[in-house]
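The block underneath contains the structure these notes are about, expressed in structure tokens.
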There are 2 protein chains.
Amino acid sequence: MDKPTQLTTNSPAVKKRRVTVVEVAEAAGVSVSAVSRAFNPEASISRPLREKVFKAAAALNYKPNRMARGIKSRSSLVGILMTDFNNPFYLPILSRFTSEIQKRDCHSLLINVNSDMDIQEAVELVMEYNVDGLIITSASLPQQLVDACRSQNTPVVIFGRDSSDNSVTVVSCDNVLAGRMAADMLLDAGYMRPAFVAGPIGTSATVDRQRGFISRLMERGCNQWQVVEGGEFSYDAGYDATLRVFKNSERPDALFYADDIMACGGMDALRYELALKIPQDVGVLGVDDIRLAKSRSYNLSTIRQPNEEMIQSTMDVLFEHISNPNLPPQSITLPCEPVLRGSTQKHR
Amino acid sequence: MDKPTQLTTNSPAVKKRRVTVVEVAEAAGVSVSAVSRAFNPEASISRPLREKVFKAAAALNYKPNRMARGIKSRSSLVGILMTDFNNPFYLPILSRFTSEIQKRDCHSLLINVNSDMDIQEAVELVMEYNVDGLIITSASLPQQLVDACRSQNTPVVIFGRDSSDNSVTVVSCDNVLAGRMAADMLLDAGYMRPAFVAGPIGTSATVDRQRGFISRLMERGCNQWQVVEGGEFSYDAGYDATLRVFKNSERPDALFYADDIMACGGMDALRYELALKIPQDVGVLGVDDIRLAKSRSYNLSTIRQPNEEMIQSTMDVLFEHISNPNLPPQSITLPCEPVLRGSTQKHR
DNA sequence: CTGTTAGCGCGTTCAG
DNA sequence: CTGAACGCGCTAACAG
């Protein structure tokens with residue numbers, strides 16, 4: 001009767017008002033806090049009261065407003081920072097992350113960190129949303145990023161990158177081991193003059209793989225190896241690098257690529273540009289085990305990263321840190337596994 | 001002095017307090033609303049005042065709290081609903097969407113709609129975040145979804161799907177035309193008995209492509225065509241469907257797949273399982289023009305979807321609707337374009 | 001153009 | 001276990 005501010009009730013442009021706790025409380029004949037508690041799993045409330053609230057809420061089609069909720073308590077948002085949208089490797093990973101986050105009644109804020117915006121900036125930005133936690137999938141990890149993460153007291157997990165610094169939580173696979181496995185696979189198959197095609201400069205994954213690879217080659221007495229720059233993790237980069245390698249006088253008889261998508265590009269260069277036979281003339285090996293690796297066209301031997309386990313660990317450790325903010329950072333390294341396919345089966 | 005609730009100030013677990021407008025206002029010697037306006041691009045505020053606020057804010061390392069902001073005004077969140085995380089087609093698209101959204105000072109809430117959760121539920125969920133807008137990339141579009149979208153008054157754009165219903169905004173490419181182009185490409189190349197390998201049942205894209213394909217074949221007097229179920233949009237589905245086709249007595253001499261990733265699977269089945277030569281024995285054609293299509297291994301002729309333009313249109317129309325909520329829904333259909341590669345070049 | 005003030009929708013004290 | 005009242009950080013309405 002005496003609501004003086006109701007002048008524009010029937011304007012067509014008016015944003016349809018959402019149902020709020022107050023209305024639900026009125027409808028259910030209870031207090032607002034009862035409604036609040038009913039929708040909060042860890043609050044203590046009697047069974048019948050909760051039921052009553054739920055019934056009224058359902059009747060009014062009430063949905064809690066996560067924005068309002070997020071202002072004081074948890075936002076239910078988990079940030080995911082991604083840098084490499086070119087590599088198909090990341091699509092299934094993204095799928096798993098979002099799915100797991102949703103299972104925990106949270107949602108994913110996906111941040112695309114491209115060249116326009118550096119990672120530092122992205123981290124600060126995502127913090128404006130009061131995210132409960134942050135997952136970073138970045139091959140390179142500048143020190144400033146580590147600092148940025150630590151200065152926030154929001155749990156951060158770095159996915160797929162080895163830790164040189166143990167002040168931040170990291171989940172990765174053992175890339176040095178991957179390199180060593182690669183050396184063994186190629187030498188065991190009878191190749192003598194392998195080359196490593198590196199990935200983006202300064203990314204730990206490629207550095208560690210190279211280190212493991214070379215050191216294992218040396219251990220086994222193989223000295224005729226070479227390393228070439230590859231550039232980015234992409235089909236084209238693998239293709240181009242391969243052509244460059246074979247311009248040299250010292251031609252390798254096997255190629256270990258920093259990742260699968262580069263290896264696929266490399267294989268196409270070998271077959272269709274250089275007219276070399278795989279695996280007879282040249283052996284090819286990658287890392288990741290992306291979906292394409294097991295296609296009949298590529299049939300690529302590779303070192304499989306344990307994605308499922310890595311993702312599971314990431315989620316576990318992240319939510320542990322969310323519910324217990326002063327846990328110390330930890331570093332989890334999972335083993336990888338060789339996958340023998342046609343591209344290295346020289347003798348058969 | 002007389003703050004009675006400050007008992008646990010030096011607890012290590014205390015969440016580091018964020019700087020707020022009030023503190024910035026005090027530091028700058030202005031009012032809170034001045035601070036608010038300074039951070040709001042469309043607010044009217046004098047140059048020197050804004051500078052002063054910014055300086056104080058920078059000194060305190062103030063960041064606006066988007067959650068608190070979102071409660072009254074825009075949330076700066078745009079929801080992206082994705083269903084198909086298996087198809088590499090969507091990774092670059094996701095990249096563009098997130099990037100474009102960020103350019104507009106918004107961020108992406110990525111929802112993975114898998115079997116655990118139906119689309120309807122996902123829409124309601126995302127609405128709890130008060131998203132400013134919603135992008136849906138879904139091959140199938142149940143009526144209930146359309147209803148859900150309309151009942152909210154949040155702008156929704158459906159990406160990559162034709163509209164049978166014009167009560168919701170849709171951006172897609174002309175899939176019927178794609179089918180017609182496919183028919184012309186295959187007939188022009190000299191193939192006589194083409195087959196269409198369909199995608200997921202009930203998805204408009206595959207239905208429309210099939211319709212255009214068949215009708216154009218008939219127009220040009222070709223009657224020896226067949227249609228086979230493909231299942232999902234995936235490598236394996238394409239592979240398996242291809243093997244099934246060639247078990248029949250009526251063997252086609254060309255295959256038009258509902259999308260590229262199926263076509264890649266199909267090509268591998270043809271070459272490595274059936275020992276058929278592409279394009280001599282069988283012509284192969286896809287739709288999408290994914291990255292893999294132009295690899296040397298596949299070199300797949302295809303009908304290119306104008307992704308750039310589709311994404312641009314999607315963003316434009318979405319943000320138009322965000323700033324002007326009672327615009328009528330519209331339906332945008334963009335033309336596609338044939339891409340001739342090796343898989344259909346029978347004569348040369 | 002600027003400051004003051006009153007909410008936004010919800011969680012969380014604090015009494016009962 | 002329940003309800004009343006306060007405050008979160010910010011924007012919007014109004015007044016100067």
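Proteins come first, then strands; the chains are lettered A, B, ... in the order of their sequence lines, and each starts at number 1.
Not a single side chain to side chain donor-acceptor pair (under 3.5 Å) links Ser313(A) to another residue, sequence neighbours left out. Arg104(A) meets the side-chain contact (heavy atoms from CB on, under 4.5 Å) test with Glu100(A), Gln312(A), Met315(A), Asp316(A), Phe319(A); sequence neighbours excluded. Residues that satisfy the side-chain contact (heavy atoms from CB on, under 4.5 Å) test with Glu320(B), not counting sequence neighbours, are Leu327(B), Gln330(B). Under the side chain to side chain donor-acceptor pair (under 3.5 Å) criterion, Ser36(A) pairs with no residue at all, not counting sequence neighbours. Listed by chain and residue number, Arg37(A), Asn40(A) satisfy the side-chain contact (heavy atoms from CB on, under 4.5 Å) test with Ala43(A) (two or more places apart in sequence, or in another chain). With sequence neighbours left out, the side chain to side chain donor-acceptor pair (under 3.5 Å) criterion links Glu128(A) to Arg66(B). By the side-chain contact (heavy atoms from CB on, under 4.5 Å) test, Leu94(B) pairs with Phe85(A), Leu94(A), Leu110(A), Ile80(B), Met82(B), Leu110(B), sequence neighbours left out. Take Ser46(B) and apply the side chain to side chain donor-acceptor pair (under 3.5 Å) test, not counting sequence neighbours, and it matches no residue.
Residues from residues 28-54 of chain B lying near DNA chain D, meaning a heavy-atom separation below 4.0 Å, are Ser33(B), Ser36(B), Arg37(B), Asn40(B) in numerical order. If you check residues 59-72 of chain A against DNA chain D, the residues with a heavy atom closer than 4.0 Å are Ile71(A), Lys72(A), listed by number.
Each ring-ring contact (aromatic ring centres under 6.0 Å, His included) pair with one or both residues in residues 118-138 of chain B, not counting sequence neighbours, appears once here: His107(A)-Tyr129(B).
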- Note on the structure: For DNA chain D, the dot-bracket notation using Watson-Crick and G-U wobble pairs below 3.5 Å, [ ] for pseudoknot-type crossings and | for other-strand pairs, is ||||||||||||||||

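At whole-Å resolution of the value, CZ in Arg74(B) and P in dC10(D) are 19 Å apart. Glu128(B) has its CD atom 13 Å from the C1' atom of dC10(C), to the nearest Å. For Glu23(A) and dC8(C), the CD to C1' distance is 13 Å, given to the nearest whole Å.
Between Glu51(A) and Lys55(A), no side-chain nitrogen of the basic residue sits less than 4.0 Å from a carboxylate oxygen of the acidic one, so the salt-bridge criterion is not met.
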